[in-house]
2 protein chains.
Amino acid sequence: MPTIHDVARESGVSITTVSMVLNKGSRPVSAEARRRVLEAARALNYTPNANARALVSRRIRSVGVVFGTNQTGLNLVNPYISAVLQGVLDAATEREHNIGLYTRPWRDAERDAAAFRDGRADGVLIFAPVLGSDLVPGIAALGMPLVVVSGPSGEPEVPYVDVDNAHGVRLAVEHLLGLGHRRIAHLMGNLDQANVLERRDAFCAALGEAGVSVPPEYLVAGQYNEVSGRENTRRLLDLPEPPTAIFAGNDVLAIAALDAARERGLRVPEDLSVVGFDDIPAASLVTPALTTVFQPLTEIGAQATRLLIDVLDGRPADPGGVLLEPKLVVRGTTAPPPPSVLSSP
Amino acid sequence: MPTIHDVARESGVSITTVSMVLNKGSRPVSAEARRRVLEAARALNYTPNANARALVSRRIRSVGVVFGTNQTGLNLVNPYISAVLQGVLDAATEREHNIGLYTRPWRDAERDAAAFRDGRADGVLIFAPVLGSDLVPGIAALGMPLVVVSGPSGEPEVPYVDVDNAHGVRLAVEHLLGLGHRRIAHLMGNLDQANVLERRDAFCAALGEAGVSVPPEYLVAGQYNEVSGRENTRRLLDLPEPPTAIFAGNDVLAIAALDAARERGLRVPEDLSVVGFDDIPAASLVTPALTTVFQPLTEIGAQATRLLIDVLDGRPADPGGVLLEPKLVVRGTTAPPPPSVLSSP
DNA sequence: TTGTATGCGTTATCAA
DNA sequence: TTGATAACGCATACAA
């Protein structure tokens with residue numbers, strides 16, 4: 001592989017000059033020297049070695065991606081994750097950075113945080129860290145530039161980008177309330193995720209303000225997957241006083257709820273209304289199409305990435321978090337509750 | 001950031017010894033020295049700098065990912081791509097390699113191939129290169145280890161991993177033939193992709209062997225997206241003698257066909273049968289659920305990655321390609337053709 | 001306008 | 001069993 005020395009020799013100049021022209025350095029280079037360098041570089045198919053360059057410049061122009069939920073590993077098939085990663089990719093491309101995916105499993109910050117400071121990336125994006133994990137403070141303490149994507153960072157100095165969960169939930173609940181629903185249940189993911197708690201609290205708050213009480217059995221926790229969604233929906237429908245509407249913590253859960261309802265012979269939206277969260281591609285494919293809260297996943301990934309690269313470039317980031325606005329997308333799974341219920345005691 | 005020198009000083013040994021114990025080097029180290037080094041390394045939160053290491057060892061334990069269709073950029077939201085990338089991720093994790101996503105736009109090999117040899121990755125995975133692109137031969141000519149994912153490499157020395165397209169198509173066509181269909185159309189993606197050509201050829205061959213002729217207007221090319229799928233399906237349904245079954249080149253096209261059929265008031269599968277290809281998650285979510293040809297996307301990504309890392313580790317890869325087996329998944333969009341058609345001339 | 005020399009943090013070679 | 005020291009390929013301070 002050709003090195004800067006080869007280019008220098010070939011073009012009859014010093015390696016400094018080669019470096020200067022290839023890096024658009026500030027120092028003056030004669031037109032002739034420049035021409036020769038460029039020609040030689042092209043002839044030799046020369047590309048600077050990023051590692052050598054990083055070693056001296058302390059910058060490699062790559063952003064690292066770390067997955068907060070290390071237990072399960074990254075799941076790109078999860079449309080939520082891939083949409084966010086797409087945003088990261090877009091922004092990184094636009095700012096001329098590569099992306100590095102850290103694959104090494106980690107357990108705790110004490111032991112593993114330092115591994116993310118191995119020089120492969122200039123800064124790190126942490127995807128949806130689980131609540132109570134010490135990874136974020138651990139990496140931050142090492143002085144590694146850090147931004148949290150899809151979740152609060154928990155640390156005042158660590159910026160984060162997320163959707164405004166409280167606002168999104170409010171949109172969903174108010175929609176259901178407006179249709180006349182009063183018996184509204186909430187299908188939740190795992191309580192070790194911050195967004196699950198945020199959505200639950202916002203759910204209770206929104207209903208509370210409307211003077212609607214939430215029986216504890218209407219709040220069902222589980223996982224953000226189909227199996228959990230189906231089981232918990234069945235549980236809900238088996239209640240002596242089943243809900244007339246279900247607000248699911250995400251679309252996967254909502255789609256599972258659709259399935260479970262159908263299995264029970266309930267028509268959606270006539271007998272049961274369902275609202276999701278995320279607006280993943282599948283939401284518009286199911287029948288009837290899912291009413292859901294859209295969150296700008298790609299934009300969340302992109303903003304977090306821009307924020308991180310700003311920090312890397314020495315532009316200080318505003319402390320605190322950035323909350324992007326969700327949007328209610330009304331489709332076919334919501335309608336007024338059945339009359340029988342309206343007139344019941 | 002602590003360096004190997006800090007660890008050496010802290011533990012009272014030379015950097016050579018530190019390097020030896022941290023890399024499980026072959027040379028003997030006293031138990032006492034080893035203990036002290038380990039202790040110091042942990043106390044200092046030391047992590048070896050991957051760039052410095054790569055510079056001398058010429059190995060960084062990262063695999064690069066390059067997207068063959070550079071025009072549109074990577075689209076992770078495309079479930080096809082994300083499933084393959086997931087497999088890459090799994091295999092890289094298992095073999096203790098990181099993943100680097102190359103984001104720089106490229107045009108032609110002559111100008112851009114060398115950029116992938118910048119030392120950030122030891123070898124490169126090219127995703128679905130477009131037909132006629134000189135990128136694969138270009139990178140290969142530079143001596144960079146290379147494996148093509150989801151597509152033929154076109155070069156005898158460059159290994160590739162893909163699904164057995166011909167077999168998959170045969171499964172689909174034989175299923176439709178077995179149901180009694182004779183008027184079968186094929187919705188295609190862009191003809192600049194190898195798999196599109198392979199599927200088309202296999203389609204014609206399978207029907208030909210069964211003695212069924214394929215009128216040219218039954219072969220419609222477009223793009224692998226919904227808009228194209230919908231338009232081309234309408235075109236097909238508007239034919240004087242419309243098909244009774246549509247074999248779509250991928251699931252996105254098939255789902256679009258479902259939509260277009262519904263729009264025309266046709267019932268699926270009673271009036272029209274539809275078969276897809278890929279078995280993306282959405283395939284089982286649509287109503288009725290899509291009959292399709294499953295391809296092991298994640299496994300394709302994983303095998304390609306293992307192949308590449310084998311090469312990097314000095315284990316020579318078998319030349320040629322690896323073709324993984326598809327599987328027919330019969331769901332709700334296929335049935336015998338309507339009787340009126342059977343009895344028509 | 002240009003070149004020489006130093007150091008970035010490692011691994012590996014040599015000598016002890 | 002251990003320690004100097006020379007690369008690795010590059011950017012840059014210093015010198016000319």
Side-chain angles (χ1 to χ4, degrees), chain A residues 1-38 40-41 44-62 114-115 117-122 142-144, chain B residues 1-38 40-41 44-62 114-115 117-122 142-144:
Chain A
M1 266 181 42
T3 73
I4 196 173
H5 288 97
D6 298 318
V7 179
R9 181 167 11 80
E10 200 73 9
S11 48
V13 301
S14 72
I15 63 165
T16 304
T17 299
V18 174
S19 178
M20 267 0 235
V21 358
L22 261 31
N23 296 311
K24 310 169 201 326
S26 51
R27 118 180 185 179
V29 173
S30 72
E32 170 62 6
R34 177 180 312 276
R35 195 189 58 68
R36 298 236 302 276
V37 166
L38 259 16
L44 292 172
N45 246 321
Y46 170 74
T47 295
N49 181 303
N51 300 127
R53 182 179 272 192
L55 203 52
V56 30
S57 69
R58 294 156 180 296
R59 185 81 190 267
I60 196 170
R61 301 189 74 81
S62 283
R117 198 194 35 174
D118 67 357
R120 283 162 144 110
D122 301 311
L142 261 24
M144 186 80 182
Chain B
M1 265 181 44
T3 75
I4 198 173
H5 288 97
D6 299 319
V7 178
R9 182 165 14 78
E10 200 73 8
S11 48
V13 300
S14 73
I15 63 167
T16 305
T17 300
V18 174
S19 180
M20 262 7 231
V21 358
L22 262 31
N23 294 312
K24 309 170 204 326
S26 52
R27 124 179 182 178
V29 174
S30 71
E32 171 61 7
R34 177 180 310 277
R35 196 188 58 70
R36 298 236 301 275
V37 165
L38 259 16
L44 292 172
N45 246 320
Y46 170 75
T47 295
N49 182 302
N51 301 126
R53 184 178 271 190
L55 201 52
V56 30
S57 69
R58 293 157 180 296
R59 185 81 190 267
I60 196 170
R61 300 190 74 79
S62 284
R117 198 193 37 172
D118 66 357
R120 283 161 144 112
D122 301 310
L142 261 24
M144 186 79 181

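Below, chains carry the letters A, B, ... as their sequence lines are ordered, and counting in each starts from 1.
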>> By the 4.0 Å heavy-atom rule, please label A:S57 as base, sugar-phosphate, or nothing.
In response: nothing

>> So, OP1 or OP2 of C:dT10: does either fall under 4.0 Å of a side-chain N or O from B:R58?
In response: no

> Does the D:dG9 base have a donor-acceptor partner in the side chain of B:R117 within less than 3.5 Å?
Replying inline: no

>> Any side-chain N or O of A:S14 below 4.0 angstrom from OP1/OP2 of C:dG3?
In response: yes

> Just checking A:A33: base, sugar-phosphate only, or nothing, at a heavy-atom cut-off of under 4.0 Å?
Replying inline: sugar-phosphate

>> What contact category does A:R27 fall into here, base, sugar-phosphate, or nothing, at under 4.0 angstrom with non-hydrogen atoms?
In response: base

> Hey, does B:T47 reach any base, or is it just sugar-phosphate, or nothing, if we go heavy atoms under 4.0 Å?
Replying inline: sugar-phosphate

> Looking across every strand, which nucleic acid part, if any, lies under 4.0 Å from B:N51 by heavy atom: base, sugar-phosphate, or nothing?
Replying inline: nothing

> Given C:dG3, D:dG3, C:dT10, which nucleotide is nearest the side-chain atoms of B:N49?
Replying inline: C:dT10

>> Classify B:T3 by what it touches in the nucleic acid, base, sugar-phosphate, or nothing, heavy-atom distance under 4.0 Å.
In response: sugar-phosphate

> When we call it a touch if two heavy atoms are under 4.0 Å apart, what does B:P48 touch: a base, just sugar-phosphate, or nothing?
Replying inline: sugar-phosphate

>> Mind checking if A:S19 touches a base, just sugar-phosphate, or nothing, with heavy atoms under 4.0 Å?
In response: base

> Has the side chain of B:T17 got a donor or acceptor atom sitting under 3.5 Å from an opposite partner on the base of D:dT1?
Replying inline: no

